[in-house]
Amino acid sequence: MQISLANQVALITGASSGIGHAAAKALAAAGAAVVINYNSKAEPAEELARQIIADGGQALAIGADVSQEDQVQRLFAQTVDAFGSLDILVANSGLQKDAAAVDMTLDDWNTVIGVNLTGQFLCAREALRIFQRQGVREGVSRAAGKIIHMSSVHQRIPWAGHVNYAASKGGVDQLMQTLAQEVSHQRIRINGIAPGAIRTAINSEATQGDAEQKLLELIPYGRIGDVEDVANAVVFLASDLSDYIVGTTLFIDGGMSLYPEFRGNG
Ligand code: BGC
């Protein structure tokens, strides 16, 4: 089945690499005009915009730190200035700063919560303001707007040595569900995606060599995920094919959240 997002505008945060980069590419391939947000790495975001435009699409790279309110407001204002509307937000920016809890600095706690959780709130808030103003655009989509919150299996699975990250993703789950409860009656559709181990820069150490073999023990399906595994689901959740899916998290993890260590045990 062909999914068309023609005449829709999508903003993807943290899209200079990894899952965000692949999501921007996939949304553009489905026909959306895409805003490729980056924080520090302009070049890969601009390169992706050039590629999309060369392929006949519409794209623009915009720098902004999603944990900063003024930068988020500028990012959304520039998006609407450039493309006239906003239909899809993929709140994807995220980072890890790992340490045992006793060694974790307040800075590392605040940075991770700031980007992964506060950043998703700030972006969702701006998107909601635009969606509410805009309403349902007839002939474009059945919804007035769609938000996809990028979470993690660690919204459910506790993760020793990563308390800031796990707490941020647990927060993303409640952020997503609470916003969905709050605004669904306005035909705004909010869902989450919880990826497991997807091969990106965030986990490059864990997905190579001996560490990869150890990691695979946690994945019943027997492979590390690819960014496209997640990007395909982003396109689906952004499209009217998922129009009745509201306030749900889609786990894309090769079965990691099935607690495979309990097979034959417990
Ligand atoms: C983390 C990765 C990790 C995966 C599975 C993700 O949310 O960002 O570093 O490999 O969860 O534990």
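Ligands are counted one by one from 1 in listed order, and the atoms in each one are counted from 1 as well. Everything numeric here is computed off the predicted structure, so don't read it as measured data. Here, residue 1 is the first one in the sequence, and each next residue gets the next number.
Ligand 1 has an N or O atom lying under 3.5 Å from an N or O atom of Ser152, backbone or side chain.
At the top of the distance list for atom 12 (O) of ligand 1, counting protein heavy atoms only, stands His154 NE2, 2.7 Å. Closest to atom 3 (C) of ligand 1, if we only count protein heavy atoms, is Trp159 CH2, 3.7 Å. Among all protein heavy atoms, the one lying closest to atom 4 (C) of ligand 1 is Gly196 O, 3.6 Å. Atom 6 (C) of ligand 1 has its closest protein heavy atom at Tyr165 OH, 3.6 Å. Protein heavy atom at the shortest distance from atom 10 (O) of ligand 1 is Asn203 ND2, 3.4 Å.
With a 4.0 Å heavy-atom cut-off, ligand 1 is reached by the side chain of Gln96 but not by its N, CA, C or O.
Within the listing of ligand 1, atoms 8 (O), 9 (O) sit less than 4.0 angstrom from a heavy atom of Ile202. Each of the atoms 5 (C) of ligand 1 lies under 4.0 Å from some heavy atom of Met256.
A salt bridge does not link Arg50 to Asp55: none of the charged side-chain nitrogens sits closer than 4.0 Å to a carboxylate oxygen. Between Asp240 and Arg142 there is no salt bridge, since none of the side-chain N atoms of the basic residue sits less than 4.0 Å from a carboxylate O of the acidic one. Using a cutoff of 4.0 Å between basic side-chain nitrogens and carboxylate oxygens, Lys146 and Asp87 are not scored as salt-bridged. Remark: Arg125 engages Glu69 in a salt bridge, criterion side-chain N to carboxylate O under 4.0 Å. The existence of a salt bridge linking Glu217 and Lys214 is excluded, since no basic side-chain nitrogen approaches an acidic carboxylate oxygen closer than 4.0 Å.
The distance from atom CE of Met176 to atom NE2 of His149, rounded to the nearest 0.5 Å, is 7.5 Å.
Across Ile88, Val90, Ile193, a single residue satisfies side chain to side chain contact (heavy atoms under 4.5 Å, CB included) together with Leu237, and that is Ile193.
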